[in-house]
*Asks:* 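The structure that follows is given in the form of structure tokens.
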Amino acid sequence: MKIIRTTRSMAAWSERLRREGVTIGFVPTMGALHDGHRSLIRAARLRCDALVVSIFVNPAQFSPTEDLSAYPRPIARDRALCREEGVDVCFEPTALTMYPEGFQTTVTVPVLARRWEGEARPHHFAGVATVVTKLFGIVHPHLALFGQKDYQQAALVRQLVGDLNLGVTIQVRPTVREQDGLAMSSRNVYLSTDERRIAPLLSQALQAGKQMIVGGMLDVAAIERVMRQTIEQAPTIHVEYLAVCDPDSLEPLSVVSAPAVLLGAVRIGSIRLIDNLLVKLPGGKSGLRVERGIKPLTD
Ligand code: PAF
């Protein structure tokens, strides 16, 4: 496995392979790789001839009060996982390489970024959209994979790739969970034993909401009430939002009339956890958008 640190060498490597007709798969990450990343890497490995994983803790998507300096950076372990999974290139640029002096462009996807995570973290999605656009420009992949765990991020990437004709196929892969349902996340390592014990309540709440919809309940207020009650069993979890939304626009629904996505964010101590579940209506059509060669979000 090659480790590449400069944008010029990365771009040159990709262009050479593209000229030879090789298809390039790409999994962008911030490192601290877990089984969720592993499943993205494996899916990309199966679909492409060559595979690039980027490891870059992107300062532009953290606010000054967030955990940038404390973000886990187990680089030796990350590289070992990449080697194990047959990754061809680990792209590990520095912050200065990605944002040299004089850098001034920002990519925004204002409507999709407005609610939910965007409300809690106002500059986050501009940072994500900018770095993903930049990474696509450098790595120039045919296919890039994202996890459904960050549902709003995946929707936003899909939008920007279409809007800017970036020519990258985006595939979103199902969330990988711990045995008790907790969605895998690099931030789970911050949870204390007590916090870890109650963290699965978020996925349990979303499951409770999903069961209600599958059972025929269409009243969003009632569904949201049950999801909130599930979480409030533990007084130390604070609900940031629990919502039933349109799976493409992420606008909140008041009545479940089509496929929906249940989105949730909670805070346990200083740690924010997010999760989501897609729900199809029983007997209904999938309703998920399949366009621009982009696969639907699935759960
Ligand atoms: O999901 C992540 O790890 C990051 O937001 C991403 C897509 C690698 C951009 O920094």
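All heavy atoms count here, side chains included; hydrogens, waters and symmetry mates do not. Whatever order the structure lists ligands and atoms in, that order sets their numbers, starting from 1. Here, residue 1 is the first one in the sequence, and each next residue gets the next number.
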*Asks:* Under 4.5 Å between any side-chain heavy atoms of Glu117 and Ile274, yes or no?
*Replies:*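 Side-chain contact under 4.5 Å: yes.
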*Asks:* Quick check on contacts: which atoms of ligand 1 are under 4.0 angstrom from a heavy atom of Thr29?
*Replies:*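 Heavy-atom distances to Thr29 below 4.0 Å select 8 (C).
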*Asks:* Considering only heavy atoms of Val131, which atoms of ligand 1 have at least one such atom less than 4.0 Å away?
*Replies:*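 Listed by number with element: 9 (C), 10 (O).
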*Asks:* Kindly say whether the aromatic ring centers of Phe62 and Tyr71 come within a distance under 6.0 Å.
*Replies:* yes
*Asks:* One pair to check against side chain to side chain donor-acceptor pair (under 3.5 Å): Glu15 and His140. What are the steps and the verdict?
*Replies:* CA-CA 8 Å; Glu15 289 323 310; His140 204 176; 2.8 Å; yes
*Asks:* For atom 1 (O) of ligand 1, what's the nearest protein heavy-atom neighbour? Residue, atom name and distance, please.
*Replies:* Gln153 NE2, 2.8 Å
*Asks:* Write out the residue and atom name of the closest protein heavy atom to atom 10 (O) of ligand 1, then the distance separating them to 0.1 Å.
*Replies:* Gln61 OE1, 2.6 Å
*Asks:* Before accepting this row, confirm whether a basic side-chain N of the pair Glu119/Arg115 lies closer than 4.0 Å to the acidic partner's carboxylate O.
*Replies:* no
*Asks:* How far does CG of Leu277 sit from OH of Tyr151, to the nearest 0.5 angstrom?
*Replies:* 11.0 Å
*Asks:* Report the part of Leu135 in contact with ligand 1, treating N, CA, C, O as backbone and CB onward as side chain, heavy atoms under 4.0 Å; options are side chain, backbone, both, neither.
*Replies:* neither
